[in-house]
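As structure tokens, the structure follows; a few thoughts come after it.
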Amino acid sequence: MVDVLVVILVLAVSLGMSWAVTVGLIKLVTICFGWPFSLLTATGIWLILLLARSVFKSRSRNE
């Protein structure tokens, strides 16, 4: 039971860090170009990247 909670906690922390980095990079791009920033749009882009990574991931262990 404790192992499952640890795995869930590690997954939540890693996804949270991934989200924060992605949103931060999108925020920097919008600042550089003077575009309006939307947290909802940035989160949507992060979700699309997660889905694309899961669909297009490499099947080979060597790469």
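Residue indices begin at 1 and follow the sequence shown. This structure is a prediction, so every number in the text was calculated from the model and none was measured.
Hydrophobic clustering of Ile, Leu, Val, Met, Phe, Trp and Tyr side chains at less than 4.5 Å, counting indirect connections, unites Val23 with Leu50. In the hydrophobic clustering of ILVMFWY residues, with side-chain heavy atoms under 4.5 Å counting as a link, Val2 and Val10 come out together. Following chains of ILVMFWY side-chain contacts shorter than 4.5 Å, one can reach Leu49 starting from Ile26, so the two form part of one hydrophobic cluster.
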Just list the side-chain donor-acceptor pairs under 3.5 Å for residues 37-48, sequence neighbours left out, or say none.
from, atom 1, to, atom 2, distance (Å)
Ser38, OG, Leu40, N, 3.4
Ser38, OG, Thr41, N, 3.3
Ser38, OG, Thr41, OG1, 3.3
Thr43, OG1, Trp19, NE1, 3.1
Thr43, OG1, Leu39, O, 2.8
Trp46, NE1, Ser18, OG, 3.0

